[in-house]
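Letters A, B, ... are given to chains in the order of the sequence lines, protein chains preceding strands, and every chain is numbered from 1.
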Amino acid sequence: MRRERPGGGEGSRRRRGGGKRCGGSLRAGKSRENGQGERYRGRSRPVCRAPVGGREEGALIRYSEYLMPTSKETPSDAEVVSHRLMLRAGLIRKVASGIYNYLPAGLRVLRKVERIIREEMDRAGAQEVLMPAVIPAELWKESGRWEAYGKELLRFRDRADREFCLGPTHEEVITDLVRREIHSYRQLPLNLYQIQDKFRDEIRPRFGLMRGREFFMKDAYSFDVDEESAAVTYRKMYDAYGRIFRRMGLEFRAVEADTGAIGGSSSHEFMVIADSGEDAVVSCERCEYSANVEKAECPPDGSERPSSPSPGTPRKVSTPGKRTIEEVSSFLGIAPGLLLKTLLFETDKGDVAVVLSGSHEVNETKVKNHLGADWVKLAGEERVRELTGAPSGYAGPVGLSVRVLADHSVRGIACGATGANEKDAHLVDVVPGRDFQPEAYADLRLVEEGDRCPRCPGPLRFSRGIEVGHVFRLGTKYSKSLSATYLDAGGKERMIVMGCYGIGVGRTAAAAIEQHHDPDGIQWPVSIAPFEVCVLPVTMKNAALVKEAERVAEDLSGKGIEVLFDDRDERPGIKFKDADLVGIPLRVTFGEKNYEAGYAEIRDRKKGETVRVGISAIADRVCAELDLKRKECAP
RNA sequence: CGGGACGUAGCGCAGCCUGGUAGCGCACUUGCCUUGGGAGCAAGGGGUCGCCGGUUCAAGUCCGGCCGUCCCGACCA
């Protein structure tokens, strides 16, 4: 049983963060006059206007009183860095699968993420609202999603046996609100957002805050009179998202995403680039083009020549036991790129053969979209025999009785080889257009590293990404099902055109860690760090030193800086390790020798560099360093 | 929901095969010592071995059921 019991929780609170509570803080207490008053002031005192960074108030938190239980060891169920480090740094604790407590420092991070989102949403003209987490079933029944959504929707009944669900998303609620309040084109456009607790009963929660069941999400919904106006709103949101993630110091890409079953005209996913990302992203080395793998286009690159029928016929050759592209290619001495790979699909639109160059892989999403199908599935061994009369590995388009689609790459094969639809036999000298006629040439393959960008001559590169945001043009899907309409200037009733825009708050924080960490711990970008500076007296036994360190800490917080004052009576090594682990961007260290000489040190967590500075100049220097770091998080 | 694994002190684990006194490291408490990168010595506290049932003189260990958790696949912020 991993769960902490009440008693255990208390114990763990004292373990490290609150550790040495008696010994340590009593001694530390001597260095300040009155524990309680000081403590109150340190926690929530509003501080005078800040000259630095436009911030209004700072903070001075005493570590000895703060619940930030760090640990050297990693809980065994944490797999990815961000999850491990959030646990080790005392930011979160698990309550149940996919459900977490946010401890004080973790909550500080989330609040900062939220704050940046709020500022940019407001700037973009959106208005904040707050919708309920508990939603009556009627709304979901009306949109048809009560049945369609599946088990991810957590349903329950109240005391009067009325049905409710926990909201996994809020299209129904917002559309209901808007259809009641909006009746005229004069009230549009409108863009409403909230930052709210969502619940999705995920089949498989994992990776800590990266994929929880309960999580904070910013969701925005826009309402416009027509597609043109909706496109403007979409662009505004797209731009706002760029500002948001830049301000958080994240390296990201806005990638074109497949709109899939939802339809709609366009959709972009905002991906934070990180090796541990769950999604594959392709982007151009030269221009701005980025797409996720399903969506990435592979247009004909011009090297393909149109196939003009030429005289002759294909020749059958014996290829005993040669089924794979590699086997056939080396057996016949023909390059894989000249093989006509033929794949058979079962779909809701009937059976289809897809032909592409042997050096490429098929993209099922593209096949599905091309056919306008709801589903496609690679045919099994049995079905392949039924359709071709041969075991798999010997299928070919010549003489095949199902629909044949060809990838653009097939056009480049003037004379190729393919399966003969007969066991242990292939055809050579096969000419597309002469020996078989595809119903269409289309983009049906998966992109590959080094492919030419569809927008420019640059090469495409692969990377991994974490989807932290998604913007979507919804069209009239929900306004239709929930009949949200308005009257235009001519008095005519029209459907409101919608868009929706999400950002995962906790996931964004997790993504920031994935992108900014080293073996010692987190390296927060200043804009979302729980604290900006850690003031660290190396010993609590030297009263004068502690007092001076505290004075500097107060000075900094008075300037609007968020300070963690490590007043724990711990050995220096422990304090250093904790400051690194928690990832506070700057550390001001008061050591005895330096102090006697009138100096302290400022250490940069990310660069790992330390500078020795006269104590009287510390505050100014810290402000300057922070300003530089804040500029790195410029929108 | 399918496939795999795990559940023993707050955390990380051993013990189980071959049934017989519940252990180790870290953390915690006390004392000494130490004080610029998770020190050292000594003495302590802490466990319904996930739950229920069965086999047995005897179950952490063997058997059955249940619960929980994690990993791999289809979904998503």
Side-chain angles (χ1 to χ4, degrees), chain A residues 1-23 69-80 83 87-88 93-94 96-98 113 117 149-152 168-169 195-196 198 200-220 241 257 260-262 269-272 278-279 375 377 466-472 500-511 520-521 536-542 569-581 587 589-595 601 603 610:
Chain A
M1 188 63 82
R2 288 274 138 70
R3 198 172 304 173
E4 289 187 352
R5 276 169 274 162
E10 181 67 16
S12 68
R13 185 172 74 84
R14 299 169 52 125
R15 201 178 319 143
R16 172 76 73 193
K20 305 278 183 192
R21 198 169 182 78
C22 297
T70 57
S71 75
K72 198 161 48 173
E73 286 178 293
T74 317
S76 59
D77 51 10
E79 198 69 11
V80 297
H83 189 197
L87 288 167
R88 286 193 53 210
R93 286 292 183 263
K94 189 173 72 178
S97 179
V113 170
I117 294 173
Y149 211 86
K151 288 187 178 167
E152 239 179 58
T169 175
I195 296 176
Q196 191 244 14
K198 293 275 185 284
R200 291 182 190 174
D201 201 354
E202 291 274 350
I203 292 158
R204 193 181 156 208
R206 58 183 143 176
F207 302 153
L209 297 196
M210 207 93 106
R211 184 191 296 274
R213 290 146 94 200
E214 187 186 16
F215 57 99
F216 290 120
M217 180 168 128
K218 188 284 299 179
D219 45 327
Y241 272 40
I262 303 169
E269 294 168 344
F270 284 76
M271 311 287 272
V272 166
E278 292 184 85
D279 304 294
W375 57 269
K377 180 174 133 242
I466 300 162
E467 184 188 352
V468 290
H470 201 159
V471 294
F472 216 102
C500 73
Y501 319 90
I503 294 179
V505 175
R507 182 182 281 188
T508 302
D520 289 322
L536 190 155
V538 152
T539 171
M540 295 305 287
K541 301 288 192 296
N542 182 333
D569 189 16
E570 292 285 1
R571 303 168 56 80
I574 289 178
K575 293 186 171 193
F576 294 151
K577 288 288 183 190
D578 278 342
D580 287 351
L581 177 59
R587 185 181 88 199
T589 313
F590 282 82
E592 291 199 278
K593 288 201 184 84
N594 276 327
Y595 170 68
E601 286 168 337
R603 184 178 171 86
T610 307

(request) Start with the C-alpha gap between A:Arg206 and A:Glu79, add the side-chain angles, then the distance that decides, and say whether side chain to side chain contact (heavy atoms under 4.5 Å, CB included) holds. (result) CA-CA 9 Å; A:Arg206 58 183 143 176; A:Glu79 198 69 11; over 6 Å; no
Does the side chain of [Y] come within less than 4.5 Å of [X]'s, by heavy atoms?
X: A:Phe270; Y: A:Ile503; answer: no
X: A:Leu87; Y: A:Arg93; answer: yes
X: A:His470; Y: A:Cys500; answer: no

(request) Identify the heavy atoms of A:Arg213 and A:Pro205 that sit nearest to each other, and give their distance. (result) CD-CG, 3.6 Å
(request) Return yes if the base of B:rG37 and the side-chain atoms of A:Asp520 contain a donor-acceptor N/O pair under 3.5 Å, otherwise no. (result) no
(request) Report yes or no: is there a donor-acceptor pair, N or O only, under 3.5 Å between the side chain of A:Arg88 and the base of B:rC11? (result) no
Side chain of [X] (C-beta onward), nearest among [options]:
X: A:Ser97; options: B:rU69, B:rC71, B:rA77; result: B:rU69
X: A:Asp279; options: B:rC76, B:rG36, B:rC75; result: B:rC76
X: A:Thr589; options: B:rG38, B:rG36, B:rC76; result: B:rG36
X: A:Arg206; options: B:rA77, B:rG73, B:rG12; result: B:rG73
X: A:Arg587; options: B:rC75, B:rC26, B:rG37; result: B:rG37
X: A:Glu79; options: B:rG38, B:rA77, B:rC71; result: B:rC71

Whole-Å distance between [N] [atom2] and [X] [atom1]?
X: A:Phe590; N: B:rG37; atom1: CZ; atom2: P; result: 19 Å
X: A:Lys72; N: B:rC13; atom1: NZ; atom2: C1'; result: 15 Å
X: A:Ile503; N: B:rC76; atom1: CD1; atom2: P; result: 19 Å
X: A:Met210; N: B:rC70; atom1: CE; atom2: P; result: 15 Å
X: A:Asp578; N: B:rG38; atom1: CG; atom2: P; result: 12 Å
X: A:Ile574; N: B:rG38; atom1: CD1; atom2: C1'; result: 5 Å
X: A:Leu87; N: B:rU69; atom1: CG; atom2: C1'; result: 14 Å
X: A:Glu467; N: B:rA77; atom1: CD; atom2: P; result: 5 Å

Could you tell me the Watson-Crick or G-U partner of [N], where both distances fall under 3.5 Å? Say none if there is no partner.
N: B:rG19; result: none
N: B:rG60; result: none
N: B:rG10; result: B:rC26
N: B:rA77; result: none
N: B:rA5; result: B:rU69
N: B:rG40; result: B:rC32

(message) With rounding to the nearest 0.5 angstrom, report the NZ to OG1 distance, A:Lys72 to A:Thr70.
(response) 10.5 Å
(message) Working to the nearest 0.5 angstrom, can you tell me the gap between A:Asp219 CG and A:Lys198 NZ?
(response) 3.5 Å
Tell me if a side-chain donor or acceptor on [X] pairs with a main-chain N or O of [Y] at a distance below 3.5 Å.
X: A:Arg507; Y: A:Met210; value: yes
X: A:Arg88; Y: A:Ser71; value: yes
X: A:Arg200; Y: A:Glu214; value: no

With rounding to the closest Å, how many angstrom separate the [atom1] atoms on [N] and [M]?
N: B:rA27; M: B:rU21; atom1: C1'; value: 26 Å
N: B:rU30; M: B:rG23; atom1: P; value: 25 Å
N: B:rG25; M: B:rU8; atom1: C1'; value: 15 Å
N: B:rU48; M: B:rA9; atom1: C1'; value: 13 Å
N: B:rG64; M: B:rC70; atom1: C1'; value: 24 Å
N: B:rU56; M: B:rC63; atom1: P; value: 16 Å
N: B:rC13; M: B:rA74; atom1: P; value: 28 Å
N: B:rA59; M: B:rC41; atom1: P; value: 39 Å

Contact class for [X] (heavy atom, under 4.0 Å): base, sugar-phosphate, or nothing?
X: A:Asn594; result: base
X: A:Glu269; result: nothing
X: A:Gly591; result: base
X: A:Gly212; result: base
X: A:Gly504; result: base
X: A:Thr169; result: nothing

(message) Quick check on RNA chain B: between A:Gly98 and A:Tyr595, whose nearest nucleotide comes earlier from the 5' end?
(response) A:Tyr595
(request) Would you kindly compare A:Leu209 and A:Glu73 by the position of their nearest RNA chain B nucleotide and give the one closer to the 5′ end? (result) A:Glu73
(message) Under 5.5 Å centre to centre and under 30° between planes: does that hold for A:Phe576 and the six-membered base ring of B:rG38?
(response) no
(message) Using the side-chain contact (heavy atoms from CB on, under 4.5 Å) criterion, which residues pair with A:Thr539? Sequence neighbours excluded.
(response) A:Lys541, A:Asn542, A:Glu592
(request) Compare side-chain N and O positions of A:Arg211 against OP1 and OP2 of B:rC71 and report whether any pair is under 4.0 Å apart. (result) no
For nucleotides 33-35 of chain B, print each protein N/O atom paired with a nucleotide N/O atom at under 3.5 Å, atom names and distance only.
from: B:rU34; atom 1: O2; to: A:Arg571; atom 2: NH1; distance (Å): 2.5
from: B:rU35; atom 1: O4; to: A:Lys541; atom 2: NZ; distance (Å): 3.4

